[in-house]
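Comments concern the structure below.
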Number of protein chains: 2
Amino acid sequence: MQLLMLKGDIKDRIEKIRKFYLRNKRMPSYSEAASLFGFRSKNAAYKLIGKLKDLGLVSSDEKGKLLPGDLNNPVKLLGSISAGFPSPAEEELQDTMSLDEYLINNPTSTYLLKVEGDSMIDAGIHPGDLVLVDKSVVPKTGDIVIAQVDDEWTLKYFEKKGRAVYLRPANKKYPLIKPKQELIIGGVVIANVRKYK
Amino acid sequence: MQLLMLKGDIKDRIEKIRKFYLRNKRMPSYSEAASLFGFRSKNAAYKLIGKLKDLGLVSSDEKGKLLPGDLNNPVKLLGSISAGFPSPAEEELQDTMSLDEYLINNPTSTYLLKVEGDSMIDAGIHPGDLVLVDKSVVPKTGDIVIAQVDDEWTLKYFEKKGRAVYLRPANKKYPLIKPKQELIIGGVVIANVRKYK
DNA sequence: CATTATAGTGTACGAACGTTTACTATGTCA
DNA sequence: TGACATAGTAAACGTTCGTACACTATAATG
């Protein structure tokens, strides 16, 4: 009974740290954490956070400064759908991750583009979707690339047969493109993102 | 000529700050920035960063601590595809954003699920995709929900006609589901994410 | 009951913090 | 040439930092 109360307290404290991080885009110092928790003494916060460290809930760097760990990773990971959907109650021991970190390998060469047109709809890329394009990736057969065709940029499957290169739309309505001369590739699509709400 | 050199310098410095942030998950102090830039004096960093602030490239909070601004938003935004694809050269004045912030409205009630099965393939949700599910959203007709059918969780379109509720797959292979008794909805799909590489 | 843990207060310490001021080179420009 | 801006060094300020130690009050335990 008291153990549950304790856990609730801890969750509360962590939630406060999380909100501080959301507000200030950095982790609190110990004195800031103290006033966050309503303590008079920053040492109270120091000891409390020491306990959270033991539990693996927060961590700090070599300078003692608190690190935003899984705490602040925005999404909680569940298993796959058919594996059973955990109930809302059991919110402990969940893995978390950041979509940014998951999707993007090369931040400096990756761009976000809004898709217009339905030439890739059979590949599950719809108009209005956002595609992540990495300019530093060399396209291979089967990759989806953004290429310049007739002074327009479009999404196509990239296909290489010997020396010849083709661009194949993922929509039967459109023809295979055999570039006559120049073929400018803007980058390789490394991810597709669709927002519903 | 010198102006361009200067700009290159500035880009270099910002890149170093960005990498520090990536490594340490926090912004550097001024003395840390100084050694980052190769300065002996932390005041050199202070004045440099002061200039970056004037240019709107970095900012600090009321305690003087540096904030991770657009600097560290992972993705650069380009326009839509047909609007023309900016050349790699003109990398200035680009808007940036974080996918996490863009996609997730309610961090505490949003989960990530891996899709298995092809029941939503006509909606562009493929096996292996990740869907973001918000448990706090009340489903409306047309929404994609994750629902429990016959002790299994699946993705379906949610449809409400009067008092009746149906679950419609986005794949002609599967039938419309008319729940007999219980209908457990796990949440509403607010986004779909597919990673290619 | 005495004992031991727990949770928080208060104070202290050296180091690091953000910021200011003074100073030195090195160009630039009229 | 002389005046002036630029880029960096150096030292100093009051404040806050992370950390440590001593202490108190309350609750749990044998």
Side-chain angles (χ1 to χ4, degrees), chain A residues 1-21 23-69 71-72, chain B residues 1-21 23-69 71-72:
Chain A
M1 179 62 169
Q2 322 97 304
L3 202 79
L4 274 177
M5 289 268 293
L6 239 162
K7 278 199 176 180
D9 264 18
I10 286 185
K11 274 196 92 174
D12 228 52
R13 261 83 187 248
I14 288 190
E15 192 55 22
K16 277 176 181 165
I17 295 178
R18 216 183 61 79
K19 283 189 177 152
F20 183 98
Y21 183 79
R23 255 199 324 277
N24 301 83
K25 304 235 183 187
R26 63 173 173 86
M27 292 295 274
S29 69
Y30 286 99
S31 34
E32 285 169 332
S35 53
L36 220 51
F37 300 149
F39 294 158
R40 257 172 242 275
S41 161
K42 69 169 174 171
N43 190 28
Y46 183 73
K47 287 200 273 189
L48 209 190
I49 288 178
K51 240 166 260 176
L52 299 187
K53 284 185 196 173
D54 291 343
L55 294 172
L57 297 174
V58 298
S59 55
S60 53
D61 60 18
E62 68 284 349
K63 285 196 172 186
K65 294 181 189 305
L66 295 181
L67 289 173
L71 264 195
N72 301 289
Chain B
M1 179 63 171
Q2 321 99 306
L3 203 80
L4 274 176
M5 289 268 294
L6 240 162
K7 279 198 174 178
D9 265 18
I10 287 184
K11 276 198 92 175
D12 228 54
R13 262 82 186 248
I14 289 189
E15 191 57 20
K16 278 175 180 166
I17 296 178
R18 215 183 60 78
K19 283 189 178 154
F20 183 98
Y21 183 79
R23 256 199 322 277
N24 302 83
K25 305 234 184 188
R26 62 173 174 84
M27 290 295 273
S29 70
Y30 285 100
S31 34
E32 284 168 333
S35 52
L36 220 51
F37 300 150
F39 294 158
R40 257 172 243 273
S41 160
K42 68 169 173 172
N43 187 28
Y46 183 74
K47 287 199 274 189
L48 209 188
I49 288 177
K51 240 165 260 176
L52 300 187
K53 284 185 195 171
D54 291 344
L55 294 172
L57 297 175
V58 298
S59 54
S60 53
D61 60 18
E62 68 283 349
K63 285 196 171 184
K65 292 180 191 306
L66 296 181
L67 289 173
L71 262 198
N72 301 290

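Below, chain A is the first sequence line, B the second, and so on; all start at residue 1.
- The distance from the NZ atom of Lys63(A) to the CD atom of Glu32(B) is 3.5 Å, given to the nearest 0.5 Å.
- Under the 4.5 Å side-chain criterion, counting only non-hydrogen atoms from C-beta, Met27(A) is in contact with Ile17(A).
- Atom-to-atom distance recorded for Leu57(A):CG and Lys51(A):NZ is 13.0 Å, nearest 0.5 angstrom.
- Distance CZ (Phe39(A)) to C1' (dG8(C)): 7 Å, rounded to an integer number of Å.
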For this session: Sugar-phosphate atoms are those with a prime plus P, OP1 and OP2; base atoms are the rest. Using that split, label each nucleotide of nucleotides 16-26 of chain D B, S or - for protein heavy atoms under 4.0 Å, 5' to 3'.
Result: -BBBBB-----
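- Between Asn24(A) and Lys65(B), every side-chain heavy-atom pair lies at or beyond the 4.5 Å cut-off.
- Protein atom CZ of Arg40(A) is 10 Å distant from nucleotide atom C1' of dG8(C), rounded to whole Å.
- Glu15(B) has its side chain within reach of Arg18(B): a pair of non-hydrogen atoms, C-beta onward, lies under 4.5 Å apart.
- Rounded to 10°, the angle separating the first-five-pair axis and the last-five-pair axis of the helix from dC1(C)-dG30(D) to dA30(C)-dT1(D) equals 10°.
- Atom CZ of Arg26(B) and atom C1' of dC17(C) are 11 Å apart (whole Å).
- In this structure, NZ on Lys25(A) lies 7.5 Å from OH on Tyr21(B), to the nearest 0.5 angstrom.
- You'll find the side chain of Leu66(B) reaches within 4.5 Å of the side chain of Tyr30(B), heavy atoms only.
- Side-chain contact between Lys47(B) and Asn43(B): present, with at least one pair of heavy atoms (C-beta onward) separated by less than 4.5 Å.
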